[in-house]
Amino acid sequence: MSVRVRFAPSPTGSLHIGGARTALFNWLFARRHQGTFILRIDDTDLDRSSEESYRSILRSLEWLGLNWDEGPYLESERLELYRRAAEKLLVEDKAYLCYCTPEELAERRREAQAKGLAPMYDRRCRYLTPDERSRLEAEGRRPTIRLAVPDTGTTVVSDVIRGEVAFDNATIDDFIIVKSNSMPTYNFATVIDDHEMGITHVIRAEEHLSNTPKQILVFQALGYELPVFAHVPMILAPDRSKLSKRHGATSVEEYREAGYLPEAIINYLALLGWSPEGEEEIVPLETIISQFSLEKVSKNAAIYDTKKLTWMNGHYLREGDLDRITRMALPFLQARGLVADPLPDKNYPYVRAVVEAVRDRVKTLAEVADAASYFFTEVTEYEEKGVRKFFARPEVVDLLQQAKERLQELEAFTMETTEKTYRDLAAELDIPAGQLIHPTRLAVSGRTMGPGLFEILELLGKERVITRLEQAIAWIRENIKGADGESN
RNA sequence: GGCCCUAUCGUCUAGUGGACUAGGACGCCGCCCUCUCACGGCGGUAACCGGGGUUCGAAUCCCCGUAGGGCUACCA
């Protein structure tokens, strides 16, 4: 039997990293077994579902490369299926109409808790007489449908990751399967869909483990065959609490906007709760797919660690195909107004070269843009620390002046020729090359760190280098006391 | 409160009774490389939640605590 799995988010927010990992594990499992990965949207909660969330989730999945083979199916478009199933259970007396209102239920729940009792539904509508029923209906009450749960016996969840987990039926409520607005509840719709869609493996977050016996009861009531269950551990925020917005970036879209690469997120997420055979942490997707197995998924909840993700992102940024990285960096450069949008084709090679020079020393696409600014704009200020260190020396104006003159004579302005010029000059002056290099970097970039100086010079080109050198000399003369040997 | 899951360095994890002096990765620290910053290389720091068992032997099996998490909704 071929594998069929599904990812079934509710469209009540953007895809967060926990959901992304659940989707990833389903996707990996499908790909590993040449199965089918289905996307289903569990939008039975009319109040909380939104079109924007739906679009955002699809966008995130696509961006991550978690392509689905079927769907997206919307539960809200499959209501007839749930209605028929509920009808069948009603006819077979496996479910019943309940006329209690939410207010009444809340009140009884509150009372039970006050007495220290388990806040379970008291099943009062389970054995209503026809008279009682028509009286309640006459009151205009809109009923829900509840499953008639056996009060004895146990329901065992057989879970690939956790083994056999037994639940005492007596602890399970006669839970609602159809709401009074005739929408099915999650525990009902999910069962029918999993059955109808021929889902063979239900891979989902651990928060659903406790719901599973209820679903199994529905499977059994409907006479459906059970799928295999696998409950993957939750992903927790750094303070061990459940993930939420107050923990900073938790949605896939936020990571995308912060300049993370999909392959880094995929690699990182794959290692959160699962581990490959070797000791290598940078694992190509093909390897992850070929090695992925539910049995190797760990049981304990994981706390996500942005530091490791960032490290991985830096790796993929450095190693990735340059054209692709450049394309991905482009929006970040444009957002800062550094390059035109759209970028004229003739400017592409320069942007590409800048990205190449800069990407070795940053970890995100946003940082690529930050580190590249002076390749696209004038240098208007010099880093304070660098000024003190390199511009404040009395001989610096003379040094920059000499360097400028030598560079001016250059025909070919390349990494090699500029470096030779600097090395030779340093040798002639009998000073370490650094004394020339550091002030020059500050002069042409405004910064004390960055790519190798000669790489910068070649990229900037002779004209801009000379101009920036002159500007720096003027700036020093104006701002640094006693900078010019002859002025006092 | 009831039910369920989980428990190895700060974090992600390897580990399925002897190969454990507990391995790897991120982070952090140091050194090397070097025009700076990174990269890279080398080295270091750091963990089996506690208590009882079982066993010749326990990180590994069992029990009890404790801690964290989940479910207990006309949310999913």
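Chain letters run A, B, ... following the sequence lines, proteins first and then strands; every chain starts at 1.
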> Does A:G434 reach a base, just sugar-phosphate, or nothing at all? Heavy atoms under 4.0 Å.
nothing

> With side chains defined as the heavy atoms from C-beta onward, is the minimum distance between A:D305 and A:Y268 less than 4.5 Å?
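Of all side-chain heavy-atom pairs linking A:Y268 with A:D305, at least one is under 4.5 Å.
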
> Using ring-ring contact (aromatic ring centres under 6.0 Å, His included) as the criterion, list what pairs up with A:Y121, not counting sequence neighbours.
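With neighbours one apart ignored, the set is empty.
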
> Taking pairing as Watson-Crick or G-U wobble with both contacts under 3.5 Å, can you name the mate of B:G1, or confirm there isn't one?
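Partner of B:G1: B:U72.
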
> Could you check which nucleotide pairs with B:A67 in any of the strands shown, counting Watson-Crick or G-U wobble with both distances under 3.5 Å?
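B:U6 - that is the nucleotide pairing with B:A67, both distances being under 3.5 Å.
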
> Is it the case that the side chains of A:T155 and A:N169 hold a donor-acceptor pair, with the cut-off being a distance below 3.5 Å and no angle test?
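Checked: A:N169/A:T155 side chains pair up, N/O donor to acceptor below 3.5 Å.
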
> Are the aromatic rings of A:W274 and A:F25 close, with centres under 6.0 Å apart?
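So the answer is no for these two rings.
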
> Please work out which residues in residues 437-448 of chain A have a non-hydrogen atom less than 4.0 Å from an atom of RNA chain B and list them by number.
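Those residues whose heavy atoms fall under 4.0 Å from RNA chain B, taken from residues 437-448 of chain A in numerical order, are A:I437, A:H438, A:R441, A:T448.
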
> Please enumerate all residues that pass salt bridge (Lys or Arg N to Asp or Glu O under 4.0 Å) together with A:E281, with sequence neighbours excluded.
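For A:E281 the salt bridge (Lys or Arg N to Asp or Glu O under 4.0 Å) partners, ignoring immediate neighbours, are A:K308.
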
> List, with names and distances, any nitrogen or oxygen atoms from the protein found under 3.5 Å away from nitrogen or oxygen atoms belonging to nucleotides 7-9 of chain B.
residue : atom : partner : partner atom : Å
B:U8    : OP2  : A:N300  : ND2          : 3.3

> Please name the nucleotide paired to B:A19 by Watson-Crick or G-U wobble geometry with both distances under 3.5 Å, or report none.
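Checking every strand shown, B:A19 finds no partner, since no pair has both distances under 3.5 Å.
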
> Quick check with a 6.0 Å cut-off and a 45 degree axis cone: is A:R447 positioned over the face of A:Y374's six-membered ring?
no

> Check whether any side-chain nitrogen or oxygen of A:R423 sits under 4.0 Å from OP1 or OP2 of B:C35, and answer yes or no.
yes

> Going by the rule ring-ring contact (aromatic ring centres under 6.0 Å, His included), which residues pair with A:F390 if we only count those two or more places apart in sequence or in a different chain?
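Testing A:F390 for ring-ring contact (aromatic ring centres under 6.0 Å, His included), a comparison that skips the adjacent residues, returns A:H438.
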
> According to salt bridge (Lys or Arg N to Asp or Glu O under 4.0 Å), who are the partners of A:R83, at least two apart in sequence or on a separate chain?
A:E80

> Take A:E281 and A:S298, find for each the nucleotide of RNA chain B with the closest heavy atom, and name the residue whose nucleotide sits nearer the 5' end.
A:S298

> Write out all pairs satisfying ring pair (Phe, Tyr, Trp, His ring centres under 6.0 Å) with one or both partners inside residues 145-164 of chain A, taking only residues at least two apart or from two chains.
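For residues 145-164 of chain A, and leaving out neighbouring residues, there are no ring pair (Phe, Tyr, Trp, His ring centres under 6.0 Å) pairs at all.
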
> What nucleic acid atoms does A:A433 come within less than 4.0 Å of, heavy atoms only: base, sugar-phosphate, or nothing?
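Result for A:A433 = nothing.
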
> Ignoring hydrogens and angles, write down the donor-acceptor pairs under 3.5 Å from the side chains of residues 214-222 of chain A, residues two or more places apart or on other chains.
residue : atom : partner : partner atom : Å
A:Q215  : OE1  : A:R204  : NH2          : 2.6
A:Q215  : NE2  : A:N187  : OD1          : 2.9

> Can you sort out which residues in residues 307-319 of chain A have a heavy atom within less than 4.0 Å of RNA chain B? Ascending by number, please.
A:K307, A:K308, A:W311, A:R318

> Does A:H201 have any ring-ring contact (aromatic ring centres under 6.0 Å, His included) partners at least two apart in sequence or in another chain, and if so, which?
A:F29

> Can you check each nucleotide of nucleotides 70-76 of chain B against protein heavy atoms at under 4.0 Å and return B for base, S for sugar-phosphate only, - for none, in 5' to 3' order?
BSSSBBB

> Suppose we define a pair by two distances each less than 3.5 Å, Watson-Crick or G-U wobble; what does B:U54 pair with here?
none

> Can you tell me, in whole Å, how much space there is between the P of B:U54 and that of B:G41?
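After rounding to an integer number of Å, I get 49 Å for this pair.
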
> With both distances under 3.5 angstrom, what nucleotide forms a Watson-Crick or G-U wobble pair with B:A25?
B:U11

> Is any side-chain heavy atom of A:L442 closer than 4.5 Å to one of A:E383?
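Contact flag for A:E383/A:L442 side chains = yes.
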
> Looking only at atom C1', what distance separates B:U55 and B:C42, rounded to whole Å?
43 Å

> Take the protein atom OH of A:Y304 and the nucleotide atom P of B:U13, then report the distance between them rounded to whole Å.
15 Å

> Using the P atom as the point on both nucleotides, what is the distance between B:C49 and B:G10, in whole Å?
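Their P atoms lie roughly 11 Å apart.
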
> State the pairing partner of B:A38; accept Watson-Crick or G-U wobble contacts with both distances under 3.5 Å, and report none otherwise.
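Pairing partner, where one exists within any strand: none, as none qualifies.
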
> Could you tell me how the ring of A:F229 sits relative to the ring of A:H231: parallel (under 30°), tilted (30 to 60°) or perpendicular (over 60°)?
parallel

> What residues form a ring-ring contact (aromatic ring centres under 6.0 Å, His included) with A:Y260, not counting sequence neighbours?
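A:Y260 satisfies ring-ring contact (aromatic ring centres under 6.0 Å, His included) with A:Y255 only.
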
> Taking only the C1' atom of each, what is the distance from B:C37 to B:A25 in whole angstrom?
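Between the two C1' atoms, the distance is 24 Å.
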
> As a test of the definition: with a 90° window around 0 for syn, would you call B:C48 syn or anti?
anti

> What's A:A166 touching, base or sugar-phosphate or nothing? Going by heavy atoms closer than 4.0 Å.
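Sugar-phosphate: the residue A:A166, judged by heavy atoms under 4.0 Å, touches backbone atoms but no base.
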
> Could you work out the separation of B:C9 and B:G15 based on their C1' atoms and round it to a whole Å?
14 Å

